[in-house]
Amino acid sequence: MEWLTAPFEVAFVQRALWAGVLVSAICALAGTWVVLRGMAFLGDAMSHGLLPGVAIAALLGGNPLVGAVVSAAVMTAGVTALGRTPRLSQDTGIGLLFVGMLSLGVIIVSRSQSFAVDLTGFLFGDVLAVRESDLLLLAVALLLALVVSVLGHRAFLALAFDDRKAETLGLRPRVAHAVLLGLLALAIVATFHIVGTLLVLGLLIAPPAAALPWARGVSGVMALAAILGATSTFGGLLLSWHLSTAAGATVSALAVSLFFLSHLASAIRHRRRTHLSRPAAVPVHTPTTRPNDI
């Protein structure tokens, strides 16, 4: 069993594991609503929309996390404002913001000759470079995400299934939608420097989507998604250690693989239940003529 425990005897791998567990919990809280509301494109747009703020902060010698927070706030405000435009679909507004913010970020990056390494870290992250201060930040982000999820659960639930019902119940769906965008932004900002913006969607979407066929209720989906995310982190770090692959990418790839395995198993279970519940065919006996009956 040494091959199973050897990687986690190293301090930086232990920190990476704890970071992955915290990231999995944060992404489970936000990602469940992303999956239920079909907001995967929005998550992708917001993760890439962080680039301008990160680029400006890096060029000015500031904290990239502060720049990411500013960009996330701009994206959240922009999506909320464009979503209230009657003749513009939400997908169109998100797409415009996505392209605009990403283009601005690339323009800023192109003005610098020394940003290539930082850009690589932005895109792919470095889970093995997690510091103790990062773990503290992730713990605070998880606590905040948990508070928002608990306080907004009823409004988010109504919003996920029927906007008009939420309005009827007085749950103010527009405010709930804005808060939900803030929860998504929190998850992305808190985790992008761990697994990178290109890979953050792996833990944001794959575990909740994998949990859907097996969990009952939204809370069950969140709990199972957190477990699947933590499992992906452990397995990804283990495979990365022995196969010498990129840690963050391996974790995300394993999370996506678990999604496909989950839905394959769910399809097999459904087919088996359908087969077992099908009534057995009743044999039909055709009358025969016997010599004594003539």
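Quantities reported herein were computed from a predicted structural model and do not represent experimental measurements.
Closest non-hydrogen pair, P64 versus V54, comes out as O-CG2, 3.8 Å. Taking each heavy atom of W214 and S266 in turn, the nearest pair found is CZ2-N, 3.6 Å. In terms of heavy-atom proximity, S149 sits nearest to L29 at OG-CB, 3.7 Å. Residues P7 and H242 come closest through the heavy atom pair CG-NE2, 4.1 Å. Heavy-atom minimum distance, L254 versus G236: CD2-N, 3.4 Å. Nearest heavy-atom pair across V251 and L237 is CG2-N, 4.1 Å.
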Problem set entry | L144/V140 under side-chain contact (heavy atoms from CB on, under 4.5 Å): CA gap, chis, key distance, verdict | CA-CA 6 Å; L144 182 57; V140 173; 5.5 Å; no
For this session: Apply side-chain contact (heavy atoms from CB on, under 4.5 Å) to L212 and L36, showing your working.
Result: CA-CA 9 Å; L212 277 179; L36 290 178; 4.0 Å; yes
For this session: Tell me, with the steps shown, if L137 and L65 meet side-chain contact (heavy atoms from CB on, under 4.5 Å).
Result: CA-CA 11 Å; L137 178 64; L65 191 59; 3.2 Å; yes
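Between the CZ atom in R15 and the CG atom in D134 there is a gap of 9.5 Å [rounded to 0.5 Å]. Rounding to the nearest 0.5 angstrom, the gap separating the CG atom in L183 from the CG atom in L180 is 6.0 Å. To the nearest 0.5 Å, atom CG of residue L239 and atom CZ of residue F234 are 10.0 Å apart. T233 OG1 to L238 CG: the interatomic distance, rounded to the nearest 0.5 Å, is 12.0 Å. Atom CD1 of residue I94 and atom CE of residue M46 lie 9.5 Å apart, to the nearest 0.5 angstrom. Here the CD1-OG distance, from I56 to S71, works out to 7.0 Å after rounding to the nearest 0.5 Å.
Cluster annotation: L184 is not connected to L151 through the hydrophobic network of ILVMFWY side chains, with a link wherever side-chain heavy atoms come within less than 4.5 Å. Note on L17 and V10: same hydrophobic cluster, where clusters join Ile, Leu, Val, Met, Phe, Trp and Tyr whose side-chain heavy atoms are under 4.5 Å apart, directly or indirectly. One hydrophobic cluster, built from ILVMFWY side chains closer than 4.5 Å, cannot hold both F12 and L136; they sit in different ones. A single hydrophobic cluster is seen to contain both L97 and L51, as judged by linkage of ILVMFWY side chains at heavy-atom distances under 4.5 Å, directly or through other members. A continuous path of Ile, Leu, Val, Met, Phe, Trp and Tyr side chains, each step under 4.5 Å between heavy atoms, connects L22 with V130, placing both in one hydrophobic cluster.
Surrounding CH2 of W241 are more than 12 heavy atoms belonging to other residues, nucleotides or ligands, all under 6.0 Å away. Residue F41 places its CZ atom among more than 12 non-hydrogen atoms of other residues, nucleotides or ligands, all under 6.0 Å distant. For R269, the CZ atom sits in a packed shell: over 12 heavy atoms of surrounding residues, nucleotides or ligands are nearer than 6.0 Å.
Checking side-chain atoms of S262 against main-chain N and O of L258 turns up no donor-acceptor pair under 3.5 Å.
Annotation: side chain of V34 is not in contact with side chain of L42 (no heavy-atom distance under 4.5 Å).
The one candidate from V147, V23, L186, I26 that meets the side-chain contact (heavy atoms from CB on, under 4.5 Å) condition with L142 is I26. The only option from T32, L204, L201 that meets the side-chain contact (heavy atoms from CB on, under 4.5 Å) definition with C27 turns out to be L204. Put simply, the residue from D44, V35, V200 that forms a side-chain contact (heavy atoms from CB on, under 4.5 Å) with I205 is V35.
Listed by chain and number, the residues in a ring-ring contact (aromatic ring centres under 6.0 Å, His included) with H263 are F259 (sequence neighbours excluded). Considering only residues two or more places apart in sequence or on other chains, H153 meets the ring-ring contact (aromatic ring centres under 6.0 Å, His included) condition with W33.
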